[in-house]
Participant: 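Please see the structure below; I have some questions.
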Amino acid sequence: MNEKVIVFGATRGMGRALARAYAARGASLYLLGRNEAELARSAADLVARGARDCGYVRCDLEDARDFAPALDAAFSALGQVDVVAVTAGLFATQEELEKDRSLAVRVLQADFTQTVLFCEEVKDRLLGQRRGALVVFSSVAGERGRKPVVLYGAAKAGLSRYLEGLDHRHRADGLLVVAVKPGFVRTSMTEGLEPPPFAGEPDEVARDVVRAVERGLPEVYSPWPWRYVMGVIRALPRAVMRRVKF
Amino acid sequence: MRAPRPTRLQGWGRQSRLGIERRGEDLERLGAVARLSRGLGRSYGDSSLPAADGEIVLNTTLADRILAFDEATGLVRAEAGLSLVDLHRITLPKLMFSPVTPGTQFVTLGGMVAADVHGKNQHTAGNFGDHVTKLRVRVADGRVIECSPDEHPDLFSATIGGMGLTGHILEVEFRLERIPSAAIVQESVRIANVDEFQEELEASAKEWPFSMGWIDAITGGASLGRGVLYRGRWATPEEVAGSPPRPRRAAQLPVDFPSWVLNPASIRAFNALKYHSHVPRVQRRVVGIEELFYPLDAIHDWHRMYGARGFTQYQCVLPRRAGKGSARRVLTLLSNLGAASFLCVIKDFGREGRGILSFPTPGITLAIDIPIRPDTPDVVRALNALVLELGGRVYLAKDSFTTADELARMDPRVEEFQRVREVWDPERRFRSAQSVRLLGDSP
Ligand SMILES: Cc1cc2nc3c(=O)[nH]c(=O)nc-3n(C[C@H](O)[C@H](O)[C@H](O)COP(=O)(O)OP(=O)(O)OC[C@H]3O[C@@H](n4cnc5c(N)ncnc54)[C@H](O)[C@@H]3O)c2cc1C
């Protein structure tokens, strides 16, 4: 089969788990990320875990000038690309973002504008191949305006809408756009936060994502109970949302 | 920043302390705030627990990358939080296996180094530390040090078996063993009493790389210490083709058993059944690696069987010079003390480890699970007195009740260990609940 997969954000958390899931299937991988030394370590890990090969190049989500050259390097190393996964992003709690305006600017920009700009670069290349999947990690935080994720959720809401539009516009052209909406997942990003019920592990999310790409699904909630949890939360009247803590 | 709240951290025997567990991929960075590392928490006692309530402990399990794996030589370098079960999932299909494995696969490389673990092949392969070629350690002053038998040998030999007290182990480099198949030829032999055990283990050592015995620690008199001896070696591909081992699935123990489920009568019945049903006396089969190496992993969370009060494992080694009847004396004392043990294991050791505080020494080791009762400290006092008299010592990875005074008398090597700590960590930044109890660190 030899899948060819690019992962932006594979050194940690869910990106690491997703890259490992593809490595275990014998894929050829190419990693994008901020820190070269970390990329080299993750590439070695993925080869040990079954990846046919694994290249990498530096790419900072906060600097759009990196995007085109990094993707050029990845596409020219892999040839035809099957999947481009974007798990990179910034996270901070509502309290952290309220206290620190410059952090808020960074998070809002990285998780919306910069991610969208990166996806645009990917979109052009995958459309050029007339096939391929763009898999982007958004969040259940974008499903509803909620007290603990007002700012972060707003960026993710914008991102989710963008991915939805992209899917509608280009599915017929051979581009599969998958919006991944993880619920609470135990990673270093959520470290120190009280895990709610249905908290998941990165490996579960990775499995769900690989399956969704295979089946051509435009949207994945993971772990699966979050689809129903969010269904309920989306249906709650605003008067209720104003009162509850989540 | 987020202020994580303290939670109850447990050792495998379910003793606990309040602590803040920090978890992340970057051990070097998180190491700056934590005074102890901890892996999968499979040490029974308090060695992976914080010295004081609310202190920060670094959970290493997200640092699990394999940094290099040379399939030709078996040399592996990995981050310290990598578990043995994950490593084997990758290396077994390539017919490579850890040269030493403890009785569970749910341990991290860091934990294996820090306890200098031994396995069923201690008599031939030594301890895990004997196969370690290099360690990367974040020491008290924040430096990251590569150590090996040639570079900083004092730090190297103090870290192996040093129970986390020399620094955060970041990376471990060691050599895997090449194996002829992923299966074992196992022979099991019914043994009439503990003296026969001691003889049979010694006799098996020459022909069998793996051996250990399960002991019925309740039945007394002439049958004291009867049980079943297991010995094994790697199967050849032909032997596996002839009778492929059956795969095994792990079951889950969903709830705590009430403490009364394990009582002397139920344990006695279980032991008698296990012993008497072993007919014929000698049996031989090809088995999967789990069956010989990891029988207890078949039930996840089996420690919950002991109920909320938990248990301790008393593991001691009795040196060869203590003579033939030494194991019998320990079991006799145990039965006089009325401490019913569900699980008791016996094994011979062939050599000393490489770490200053490595547990094994040539002789015989007994590992005895004891459900915790109010009198458990007294039971350990009495057992320790006898072990001291026999010139033996206890295993820190299992210990919860030994006193500082007993350890100092059992193990003169503690002085050298403390000298090395003085060099690398004069302010005793690294400490654990165990080091407070045993080494006089401030709580
Ligand atoms: C069912 C079962 C069977 C067992 N069988 C055996 C056996 O046959 N032989 C044997 O020798 N042991 C055996 N053990 C004990 C076990 O192998 C050791 O306790 C081992 O240390 C557990 O590893 P861990 O990753 O869970 O470490 P933890 O229990 O989390 O920690 C153990 C010690 O290692 C230190 N440590 C862990 N990681 C690091 C790090 N990165 N840097 C510095 N210090 C660190 C901790 O501070 C602590 O002192 C068994 C345990 C169980 C539960």
Side-chain angles (χ1 to χ4, degrees), chain A residues 9-17 19-21 23-26 29 31 33-35 37-51 54 56 87-88 91-100 103 148-149 152 184-195 199 201-203, chain B residues 1-7 19-31 33-34 54 56-83 85-94 96 109 136 144 170-173 176:
Chain A
T11 57
R12 287 168 189 237
M14 289 186 271
R16 180 186 285 189
R20 283 179 177 176
R25 292 156 62 102
L29 287 161
L31 313 182
R34 193 169 33 189
N35 181 324
E38 282 293 299
L39 287 167
R41 291 162 71 91
S42 284
D45 178 59
L46 292 164
V47 169
R49 288 170 190 265
C54 188
Y56 58 88
T87 63
F91 176 78
T93 63
Q94 180 66 14
E95 290 71 30
E96 289 159 359
L97 292 169
E98 283 170 359
K99 254 186 256 150
D100 182 344
L103 180 65
V149 285
Y152 176 74
F184 190 101
V185 180
R186 290 192 195 86
T187 63
S188 53
M189 195 179 90
T190 56
E191 205 247 332
L193 302 177
E194 191 73 27
E201 296 295 329
D203 288 341
Chain B
M1 267 318 276
R2 278 160 248 177
R5 260 179 295 155
T7 51
I20 294 175
E21 200 170 30
R22 296 290 305 268
R23 200 163 163 252
E25 288 93 349
D26 190 346
L27 299 184
E28 192 180 326
R29 189 176 58 83
L30 286 173
V33 296
I56 297 175
V57 184
L58 173 51
N59 175 321
T60 63
T61 52
L62 287 182
D64 64 347
R65 284 181 296 193
I66 298 167
L67 304 172
F69 174 28
D70 183 341
E71 291 180 30
T73 62
L75 199 69
V76 179
R77 186 182 180 102
E79 292 172 335
L82 179 68
S83 70
V85 64
D86 281 352
L87 179 66
H88 281 159
R89 211 172 278 144
I90 293 155
T91 65
L92 263 181
K94 303 179 197 281
M96 300 251 193
L109 297 182
R136 194 174 167 85
V144 172
L170 307 176
E171 292 170 19
V172 178
E173 185 188 88
L176 291 168

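All values reported here derive from a predicted model rather than from experimental measurement. Letters A, B, ... are given to chains in the order of the sequence lines, protein chains preceding strands, and every chain is numbered from 1. The figures that follow rest on heavy atoms only: side chains count, while hydrogens, waters and symmetry mates do not.
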Participant: So which part of Glu71(B) gets closer than 4.5 Å to some heavy atom of chain A, the side chain, the backbone, both or neither?
Facilitator: neither
Participant: Looking at Leu82(B), Thr91(B), Leu67(B), which one has more heavy-atom pairs under 4.5 Å with chain A than the rest?
Facilitator: Leu67(B)
Participant: Would you mind telling me which of Gly13(A), Ala40(A), Ser42(A) has the largest number of heavy-atom pairs within less than 4.5 Å of chain B?
Facilitator: Ser42(A)
Participant: Going by side chain to side chain donor-acceptor pair (under 3.5 Å), name the residues that satisfy it together with Glu38(A), two or more places apart in sequence or in a different chain.
Facilitator: Arg65(B)
Participant: In the structure I gave you, are the side-chain heavy atoms of Leu46(A) and Leu31(A) within less than 4.5 Å of one another anywhere?
Facilitator: yes
Participant: Does the Thr190(A) side chain pair with the main chain of Leu193(A), one donor and one acceptor, at a distance under 3.5 Å?
Facilitator: no
Participant: Can you tell which part of Arg22(B) gets under 4.5 Å to a heavy atom of chain A, answering side chain, backbone, both or neither?
Facilitator: both
Participant: Which one, Arg186(A), Glu95(A), Arg16(A), leads in non-hydrogen pairs under 4.5 Å with chain B?
Facilitator: Arg16(A)
Participant: Leu62(B): what forms a side-chain contact (heavy atoms from CB on, under 4.5 Å) with it, not counting sequence neighbours?
Facilitator: Ser188(A), Arg23(B), Glu25(B)
Participant: Please classify the contact between Arg20(A) and chain B as side chain, backbone, both or neither, with a heavy-atom cut-off of under 4.5 Å.
Facilitator: side chain
Participant: Would you say that Glu79(B) contacts Leu27(B) through its side chain, given a criterion of any heavy-atom pair below 4.5 Å between the two side chains?
Facilitator: no
